[in-house]
Protein chains: 2
Amino acid sequence: MERPARATNRETREHNERLVLATIYDRSPISRAGVARLTGLTRTSVSDVVEGLLASGMCREIGHGPSTGGKAPILIEVPGDARLLVGVDLGDQAFTAAIVNLRGSILQRVDVPSENADGDEALRLAVDVIERVMGLAGGPALGVGIGVPGLIDARAGMIIQSVARDWRMLALGRILEDHLGLPVYLANDCQAAVLAEHVFGATRGPNLIMVKAGRGIGAGFVINGEPFLGDGYGAGEIGHTVVDPCGRTCRCGRRGCLETVASVPAVLGDLSDRIGRPVSLGEALDRHQRREPLALEVVRRAGEQLGSALGGLVDALHVRRFVLAGAMAAFGEPWMEAVASAASDRALSALAADTTFELGGVEDVVVLGASALLMTRELGLTLHPHGLPEREGVGER
Amino acid sequence: MERPARATNRETREHNERLVLATIYDRSPISRAGVARLTGLTRTSVSDVVEGLLASGMCREIGHGPSTGGKAPILIEVPGDARLLVGVDLGDQAFTAAIVNLRGSILQRVDVPSENADGDEALRLAVDVIERVMGLAGGPALGVGIGVPGLIDARAGMIIQSVARDWRMLALGRILEDHLGLPVYLANDCQAAVLAEHVFGATRGPNLIMVKAGRGIGAGFVINGEPFLGDGYGAGEIGHTVVDPCGRTCRCGRRGCLETVASVPAVLGDLSDRIGRPVSLGEALDRHQRREPLALEVVRRAGEQLGSALGGLVDALHVRRFVLAGAMAAFGEPWMEAVASAASDRALSALAADTTFELGGVEDVVVLGASALLMTRELGLTLHPHGLPEREGVGER
DNA sequence: TCCCTTTGTCCAATGCATGGACAATGTCTC
DNA sequence: GAGACATTGTCCATGCATTGGACAAAGGGA
């Protein structure tokens, strides 16, 4: 993402400000001296930077910590609500906007159904949802992050194409920035979702793949600590890879796409065929919960198809951590295990053994990911800045 | 690759030195003022940096250029032989070491067959090849870059496992650095090969995938301008992804790996079966060259199998540029077109239309890639530093 | 010939991290 | 309880980086 540009003292300062802020955010509460040890900066420099952070409210002194044989340190933290984030999910079935704090907690939310809105009407609906949630915020927001299904030029804040809304070349980022007077960041929904795990998630690592399976199927990548979007912003569009050239016809017009065998509609379709009448997602989840063999079988097969498709990625990328999210994740462990075992069957055993699959969120991954996008871009914050030593003292000076 | 660390005036300087050097390397001949325009640095700073580069021999003044209405500029270039690189390919069938200049031209080379060497004997053979080629260099070398098949910890310069040589946890990098007194960089052979295209290749772009198909099949990735190795250095190990669970038994012990259907041995095996006697690669190439239907058919099917496997990557990563190299590339256009068309059949059409497949080198990709690795790591040079404006004047000041 | 543009260098100013010194404030040992 | 020692946070002089203005050199164009 970052391109070569000239460096000057100002860049040096900004770099170190981000580094100090990220360290305090990640390791709080921590003293100035502790930050100095972790980052390799001198105590002098850290103090200087912290002074600015205190003045801007990004940091706060929260009293003294225990002494380790000398003067007791003054502990510093980044208050969770030092800034408010607005995260937005312009999903196929609903538009959701939420006020999110710096720790990834949702404070307020507004939901509206969106299934039938398109064009300018959908645009008005989106603006409306965002304005309503900002009215509930109780303070100024840092900016807005948005996840949208479709092909999104994240750099320009432009929707290249979003089929469900009939949006093409819509400069949503600029429109909203002009309207709100705040920075606005756009991303594809799956590319946003992966950031929710990367930024707010429990474990650390520079590489991460999120697979979001619901009505559609898509993936998002974090590679070398940065979101990877591909040359034309289409990275992660795995839903229409052909897995069975003789399979069912997909909504994209071709046969046997992954979506025709592993998505929610595919599962519901299978189940409906077997039962002989339409089945809702709620009923399917219910039958699955009650361990009905038919439901288990259908869900397992859907998981296996997804896993087979992912096997190629396990080998090709050797990324250790896959997170499975979206509506399908509501089927829980049995589904995830089918995915994991099928992926393992396809992949080189040494690499498969190295790979972990986890269940992610069903509902709010896009909202949280959009917030995380805003936070990383605007503040440079990641909960786990890879590269920092695990323990203090490594950078001892 | 680059991890967050503190920034200081020294880092600023190093960053700008790399930037100036890379700009001169890429755009030579160019004047100091031209570099200043492209990079955004002041003429003062550029002059200061260039002074150091001239002193170290990394740059050279080559006379005056035409005036554009003012004082004629002094043109500067990076001489191709300002430094000598040693690139090494410790391949399955031969060890090759070469002296390579900064433009990717091979000046000297030494080849030895290696098929039966393993363990310490293979290590001695490798050292011997490197020393022999360095004797032919006619000048001091900048360092050594090495490509090895297997699982390589590029950061530590350690061979985690290389089956053909029976090497496990061999700290080849340290051993050679101690022995030669020069910096040594290691990488997996395919991960090195992709750098040959990225650094010395004709076109520019931040993302690139090289697929090397020979006796084995592997891939190398450049993602966001950096080599991508995966969490455990296994990125690109696509040869043992199962493409047909009922297929032939692979040397890895499983059935239907990609290597069993798309590698050189697979093609030769198929051809031998059909003809009824053993066929060498030379004969196969010969028959293919003469457009014998049988050979065309066998090669086409091998290409299609590889293409199907790559289709998933086209969708998942949306990387525009694939380069197909290795011994199979000797089959040329017909093979490549089979790969491309099968990949296209599997992938989402919008993404497939965006993707180009090219033929890469048959022989020297690993040697050149290993040289490129050394050059980028040691000098920070890439022929196409993405992010520089295409034309002068964009960063006008 | 005169004017203007471009190039490359010189120099003072500014910003930033450094490193040593120091006061404040703890713990630990005798 | 007193003294030795360690740790924290700040102050100040120093070094190093880019910047920006000024200037001389060198060339084109009217």
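As the structure is a prediction and not an experimental result, all values here were calculated from the model.
- Residue pairs meeting the side chain to side chain donor-acceptor pair (under 3.5 Å) criterion with at least one partner in residues 174-184 of chain A, sequence neighbours excluded, are A:Glu131-A:His179.
- The two residues B:Leu208 and B:Val319 have their closest heavy-atom pair at N-CG1, 3.8 Å.
- Phosphate proximity of C:dA17 to A:Asn16: present, with a side-chain N or O under 4.0 Å from OP1 or OP2.
- Rounded to an integer number of Å, the gap from CG of A:Leu75 to P of C:dG26 is 13 Å.
- For A:Glu14, the salt bridge (Lys or Arg N to Asp or Glu O under 4.0 Å) criterion is met by A:Arg10, not counting sequence neighbours.
- Residues that satisfy the salt bridge (Lys or Arg N to Asp or Glu O under 4.0 Å) test with B:Asp153, not counting sequence neighbours, are absent from this structure.
- With salt bridges taken as basic N to acidic carboxylate O contacts below 4.0 Å, none links A:Arg6 and A:Glu11.
- Contact annotation: B:Ser45 side-chain N/O to D:dT19 OP1/OP2 distance is under 4.0 Å.
- The stretch residues 46-59 of chain A touches DNA chain D through A:Ser47, each having a heavy atom within less than 4.0 Å of the strand.
- In this view, B:Ala370 satisfies the side-chain contact (heavy atoms from CB on, under 4.5 Å) rule with no residue, not counting sequence neighbours.
- Side-chain atoms of B:Ser67 lie closest to D:dG27 of the nucleotides D:dG27, D:dA17, C:dT27.
- Remark: the A:Asn9 side chain and the C:dC16 base include no donor-acceptor N/O pair separated by less than 3.5 Å.
- Set against D:dT19, C:dT7, C:dT18, the side chain of B:Thr42 has D:dT19 as its closest nucleotide.
- Taking atom CG on B:Leu19 and atom P on D:dA17, their separation rounds to 16 Å, with Å as the unit.
- In this structure, A:Arg10 does not reach the C:dT14 phosphate: none of its side-chain N or O atoms is under 4.0 Å from OP1 or OP2.
- The distance from atom CD1 of B:Ile74 to atom C1' of D:dA25 is 11 Å, rounded to the nearest whole Å.
- The cationic atom of B:Arg155 (NZ for Lys, CZ for Arg) does not lie both less than 6.0 Å from the six-membered ring centre of B:Tyr185 and within 45° of the ring axis.
- In this structure, A:His64 and A:Glu17 both approach DNA chain C, and ranking their closest nucleotides by distance from the 5' end singles out A:Glu17.
- For residues 70-83 of chain B, the side chain to side chain donor-acceptor pair (under 3.5 Å) pairs, not counting sequence neighbours, are B:Arg60-B:Glu77.
- Rounded to whole angstrom, the span from the CD1 atom of A:Ile30 across to the P atom of D:dT7 amounts to 16 Å.
- Atom CG of A:Leu38 is separated from atom P of D:dT8 by 12 Å (rounded to the nearest Å).
- Under the side-chain contact (heavy atoms from CB on, under 4.5 Å) criterion, A:Asp48 pairs with A:Arg13, A:Glu51, not counting sequence neighbours.
- For A:Leu41 and D:dG9, the CG to P distance is 15 Å, given to the nearest whole Å.
- Neither OP1 nor OP2 of C:dG15 sits under 4.0 Å from any side-chain N or O of A:Thr8.
- By the salt bridge (Lys or Arg N to Asp or Glu O under 4.0 Å) test, A:Glu61 pairs with A:Arg32, sequence neighbours left out.
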Contact list (N/O, under 3.5 angstrom) for nucleotides 20-25 of chain C vs protein:
from   : atom 1 : to      : atom 2 : distance (Å)
C:dT25 : O2     : A:Lys71 : N      : 3.2

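- Rounded to whole Å, the distance from CD on B:Glu14 to P on D:dC16 is 14 Å.
- In this structure, A:Arg13 does not reach the D:dA17 phosphate: none of its side-chain N or O atoms is under 4.0 Å from OP1 or OP2.
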